[in-house]
Amino acid sequence: MREDTLKVIKEEIERKRSRLSILEEMDKNYEGYSGTVRNLLKLSENIPSFKENIIGVVGELLEVENTYSTAIEVALGSSIQNIVIKSSEGVAEIIERLKQKDLGRATFLPLDLIRGRGLSQQESNILTEKGVIGVASKLIKYNDNLEEIFNFLLGRVIIVDTIENAVRLSKKYNQAYKIVTLEGEVINPGGAITGGSLKPKLQSIFKRKEEITKLKKEIDSLKNQQEILVEEIGQKINDKIHEEEQIELFNKEISDISYNITSNEQRRISLEKEIGNLLNQLENYTLEIDELKENVRNYQQEIDRFLKELESLEKEKERLDALINGFKEKTIKERKI
């Protein structure tokens, strides 16, 4: 059912929003950074000159794919908490304030002083070696104005796939580079190797940024699904309303037809009754007609009989008239004699 799916999506959106809110609040409060960094950034909110000069913490100024996040965070090490500032001119005031309030120590990276250094053309040969993924500074995203900063921090760090390849390359290139594996093992220039399990706190900064980005995308995707479902459900409701209206219209038509059928049935019964009465009358009239025809025949026969008698009487009258005339002539003759 779309309604059930919509309910699940709404609950999932709320769950992810709740998680996103927590993470964004942690990000806002610089959770995972040192107390000095958190306190300084909060302090800068109330000091316009500090706020104007501070660009941000290294860890929040870059984006990295999940595949490389462990390697990049290990490669940065404590420098992930370095504070990037626009100018070195205001750094003395910031440091003095840290001293006054006993907030600890911080490392600052002024854009006007920092100059990064990448691999020379000859040194770039290492990038063609088996297992090499790339230079760390090329595996992240950042604003163009921070290029010197990230070249300074990561421009000579080589990211490789496995510790075996890292050891091999360190030997081959005389321990000249800092080499970091995808799982976070590090071979420093000179040959020192660091490895083992990573504390969750070390990964929290990038993981939080990744999760925030992921949650925002997932929420947008769920909202799109929600909008589509709401539209489909709305269309379904409209269709249902239309169907109900059609059903109501059909029911009215059926009611009208039923009424007409009933009326016609009653009319049919009435007509059949009238026809029955007319047939009875016709039958009676037929009997009367037959009787009248019989009477007519009888009357005709009587008329014929009367005509015959009349004819006979006329003949008798003619005979008698002849006799009378004969007697009259005889009487006249006798009188003359």
Do NZ/NE/NH1/NH2 and the carboxylate oxygens of [X] and [Y] come within less than 4.0 Å?
X      : Y      : value
Glu227 : Lys223 : no
Lys315 : Glu318 : no
Arg15  : Glu12  : yes
Arg168 : Glu164 : no
Arg268 : Glu272 : yes
Glu218 : Lys16  : yes

Taking atom [atom1] as the centre, does [X] end up with more than 12 heavy-atom neighbours from other residues, nucleotides or ligands that are less than 6.0 angstrom away?
X      : atom1 : result
Glu231 : CD    : no
Gln246 : CD    : yes
Arg105 : CZ    : no
Gln281 : CD    : yes
Glu129 : CD    : yes
Tyr177 : OH    : yes

query: When you look at Val91 and Ile85, which way does the side-chain contact (heavy atoms from CB on, under 4.5 Å) test go after all the steps?
result: CA-CA 8 Å; Val91 73; Ile85 58 177; 3.9 Å; yes
message: Within the 4.5 Å heavy-atom criterion, are Phe108 and Ile95 side-chain neighbours or not?
response: yes
field: Verdict with reasoning, Glu309 to Arg305, per salt bridge (Lys or Arg N to Asp or Glu O under 4.0 Å)
entry: CA-CA 6 Å; Glu309 288 181 1; Arg305 184 173 59 81; 2.9 Å; yes
message: Go through it in stages, so that I can follow the logic: the residues are Glu288 and Asn284, the test is side-chain hydrogen bond (donor to acceptor under 3.5 Å, both in side chains), and I'd like the CA-CA distance, side-chain angles, deciding distance and then a yes or no.
response: CA-CA 6 Å; Glu288 289 181 6; Asn284 291 333; over 6 Å; no
Check whether any side-chain N or O of [X] sits under 3.5 Å from a backbone N or O of [Y] as a donor-acceptor pair, and report yes or no.
X      : Y      : value
Asn125 : Gln122 : yes
Ser312 : Lys308 : no
Gln81  : Ser34  : yes
Glu60  : Val57  : yes
Ser137 : Phe150 : no
Ser69  : Asn66  : yes
Asn165 : Asp161 : no

- prompt: Side chains of Asn295 and Glu291: do they bring a donor and an acceptor to under 3.5 Å?
  reply: no
field: Test item: side-chain donor near acceptor, Glu302 and Asn298, under 3.5 Å
entry: no
Are [X] and [Y] connected, step by step, through hydrophobic side chains (Ile, Leu, Val, Met, Phe, Trp, Tyr) whose heavy atoms are closer than 4.5 Å?
X      : Y      : answer
Val135 : Val58  : no
Val74  : Leu62  : yes
Leu169 : Tyr68  : no
Leu119 : Val160 : yes
Val186 : Leu139 : yes

